[in-house]
Asker: 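My questions all concern the structure below.
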There are 2 protein chains.
Amino acid sequence: MVVAHITDDSNNSKTMQDILFDFIAKYISLTEEEKNVLLSLDLFRSVKKGTILLKEGQKSRDEYFVLKGCLRKYYIIDGEEKTTAFFTEMDALTPHCVKNNDPSEYFISCVENTILIVTNPDMGVEVNAKFPKFDLMCRLMAEELLARQQINFDEFKTSSPEQRYLNLLQNRPDLIQRVPQHQLSSYLGIKPQSLSRLRARILEKSKG
Amino acid sequence: MVVAHITDDSNNSKTMQDILFDFIAKYISLTEEEKNVLLSLDLFRSVKKGTILLKEGQKSRDEYFVLKGCLRKYYIIDGEEKTTAFFTEMDALTPHCVKNNDPSEYFISCVENTILIVTNPDMGVEVNAKFPKFDLMCRLMAEELLARQQINFDEFKTSSPEQRYLNLLQNRPDLIQRVPQHQLSSYLGIKPQSLSRLRARILEKSKG
DNA sequence: TGAAATCGTTCACTTAAGTTAAGAAATGAA
DNA sequence: TTCATTTCTTAACTTAAGTGAACGATTTCA
């Protein structure tokens with residue numbers, strides 16, 4: 001699961017490093033020096049589609065940042081998978097159990113082959129010594145994340161399932177392509193059959 | 001709307017100061033000196049039931065912390081109020097517009113007579129000079145808030161309206177007493193009539 | 001105090017989601 | 001490639017939420 005060199009099976013011109021630094025640039029500015037330090041920390045991991053990174057009941061200290069690919073967070077409730085979030089390029093994911101050291105209540109798995117940055121609080125000391133701005137960046141990211149999270153929640157609450165699907169089509173059209181329907185449907189808060197029906201309904205309307 | 005002395009119309013033994021310091025103690029420890037500095041900043045406000053603190057379209061830099069009472073956040077969509085959150089004792093509320101200086105997309109009003117701490121980023125310099133731990137505390141609070149927010153969102157997505165109501169009954173039974181039904185219902189993502197029906201259904205079940 | 005507005009409930013009806021089942025299509029593994 | 005599994009769709013039926021309207025009860029306030 002570990003890769004020494006960050007390579008990409010597609011022939012996109014942007015390297016993983018570029019993606020990472022472009023992202024960081026949104027929050028703080030880095031010198032070349034700092035960039036090199038960051039790369040030297042060897043935080044990159046390549047993970048195969050289907051891999052389960054975190055299981056219910058498991059304790060973990062790992063936090064993830066998606067450079068390429070897609071992670072899925074899901075619960076198993078009454079034997080049924082309930083997907084509550086997807087994490088794609090530029091998304092950060094700190095499992096709840098990292099903060100309180102409790103066993104996780106949910107699973108995290110790879111929807112696609114994925115390239116990640118994996119960090120954990122134990123590295124904090126080392127990272128912080130070599131890369132002091134890390135803390136500031138994390139805080140800015142957390143604030144932004146919280147704000148976006150709240151807006152998403154509001155949007156979810158104030159919408160019908162159909163409206164939620166249309167919003168998704170607007171805001172994250174890629175997800176609808178890359179994620180299996182039955183995972184999408186529980187993300188929208190409905191059953192797979194209802195999503196099928198709902199899609200058929202929308203298609204019917206648009207035809208007139 | 002401003003009060004010099006923080007008094008309380010009930011005869012609870014805990015003063016507003018006690019409530020505040022008990023809360024802060026969960027995150028950081030304060031010396032008597034620091035407590036006095038904090039009180040001297042004059043951040044307390046008393047606000048009447050029904051007061052609208054923030055309107056759609058309005059810009060504001062104020063952040064709120066509820067010491068006593070209840071705030072409500074709501075949107076007006078197609079002429080209809082959609083309540084998405086309640087903030088009661090010990091809840092912090094940073095309107096989205098504070099961060100990005102955009103006009104607000106929602107309203108914030110007082111469900112009850114409420115005692116608040118009001119801060120804004122412009123005070124950051126002064127507060128930080130007099131009270132350096134403030135920053136750390138905010139960060140810890142933000143992290144906890146984000147975690148709780150995510151769990152709430154997951155719970156909402158994976159539950160039916162009836163289950164959401166039962167959860168609310170478990171987790172925030174006070175809300176059901178203090179908040180009008182029609183505001184609660186939209187918080188649960190349903191119409192007032194549906195909430196009435198749902199409550200009747202539950203009562204029917206419990207009678208057997 | 002009295003009139004008006006707001007609020008909660010109920011009812012009848014409509015619409016959409018849940019459930020169960022079946023079959024077609026796509027995917028994966030031997 | 002073939003067989004088995006998973007995934008997606010469709011259908012019929014059930015259940016619950018949305019809608020519009022009516023009716024007291026409560027609250028507001030002039």
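Just so we're on the same page: letters track the sequence lines, and every chain starts at 1. Since the structure is predicted, the reported quantities are computational estimates derived from the model, not experimental observations.
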Asker: Atom CD of A:E204 and atom C1' of D:dA11: how far apart are they, to the nearest Å?
Answerer: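 The distance from CD of A:E204 to C1' of D:dA11 comes to 16 Å, rounded to the nearest Å.
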Asker: Going through the distances and angles, do A:E80 and A:K191 end up as a salt bridge (Lys or Arg N to Asp or Glu O under 4.0 Å)?
Answerer: CA-CA 11 Å; A:E80 213 179 345; A:K191 302 284 164 186; 3.0 Å; yes
Asker: May I ask you to check whether A:R199 and A:S196 show a side-chain donor-acceptor distance below 3.5 Å?
Answerer: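 Note: A:R199 and A:S196 side chains miss the donor-acceptor criterion.
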Asker: With no hydrogens and no angle check, just 3.5 Å: does a side-chain donor-acceptor pair link A:Y75 and B:D154?
Answerer: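 There is such a pair between these side chains.
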Asker: Can you list, in residue-number order, the parts of residues 179-200 of chain B that come under 4.0 Å of DNA chain D, counting heavy atoms only?
Answerer: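 Result for residues 179-200 of chain B: B:G189, B:I190, B:K191, B:Q193, B:S194, B:R197, sorted by number.
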Asker: Listing request: all ring-ring contact (aromatic ring centres under 6.0 Å, His included) pairs with a residue in residues 82-101 of chain B, at least two apart in sequence or in separate chains.
Answerer: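 Pairs touching residues 82-101 of chain B that pass the test: B:F86-B:Y187.
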Asker: Give a yes/no verdict on a cation-pi contact between B:K157 and A:F156, requiring under 6.0 Å between NZ or CZ and the six-membered ring centre and an angle within 45° of the axis.
Answerer: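 Yes; both conditions hold, so B:K157 lies above the ring face of A:F156.
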Asker: Are A:Q183 and A:T83 close enough that a side-chain donor and a side-chain acceptor fall under 3.5 Å?
Answerer: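 No - no donor-acceptor pair under 3.5 Å links their side chains.
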Asker: So, A:R172 versus A:T88: side-chain donor-acceptor pair below 3.5 Å or not?
Answerer: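 A:T88 and A:R172 do have a side-chain donor-acceptor pair below 3.5 Å.
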Asker: Among side-chain atoms of B:T94 and B:E63, is any donor-acceptor pair under 3.5 angstrom?
Answerer: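 B:E63 and B:T94 do have a side-chain donor-acceptor pair below 3.5 Å.
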Asker: Any ring-ring contact (aromatic ring centres under 6.0 Å, His included) involving residues 166-186 of chain B? Give me the pairs, sequence neighbours left out, ordered by first then second residue.
Answerer: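 Listed once each, the pairs would be none.
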Asker: Whole Å only: how far is the NZ atom of B:K48 from the P atom of D:dC29?
Answerer: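 Nearest whole value for this atom pair: 13 Å.
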Asker: Please enumerate all residues that pass ring pair (Phe, Tyr, Trp, His ring centres under 6.0 Å) together with A:Y27, with sequence neighbours excluded.
Answerer: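 Per chain and number, A:Y27 pairs via ring pair (Phe, Tyr, Trp, His ring centres under 6.0 Å) with A:F23.
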Asker: Which residues, if any, of residues 153-168 of chain B bring a heavy atom under 4.0 Å of DNA chain C?
Answerer: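 Within this stretch, nothing sits under 4.0 Å of the strand.
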Asker: With a strict under 4.0 Å distance from non-hydrogen atoms of chain A, what nucleotide opens and what nucleotide closes the contacted stretch of DNA chain C, reading 5' to 3'?
Answerer: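 Here the contact window of chain A covers C:dA16 to C:dG28.
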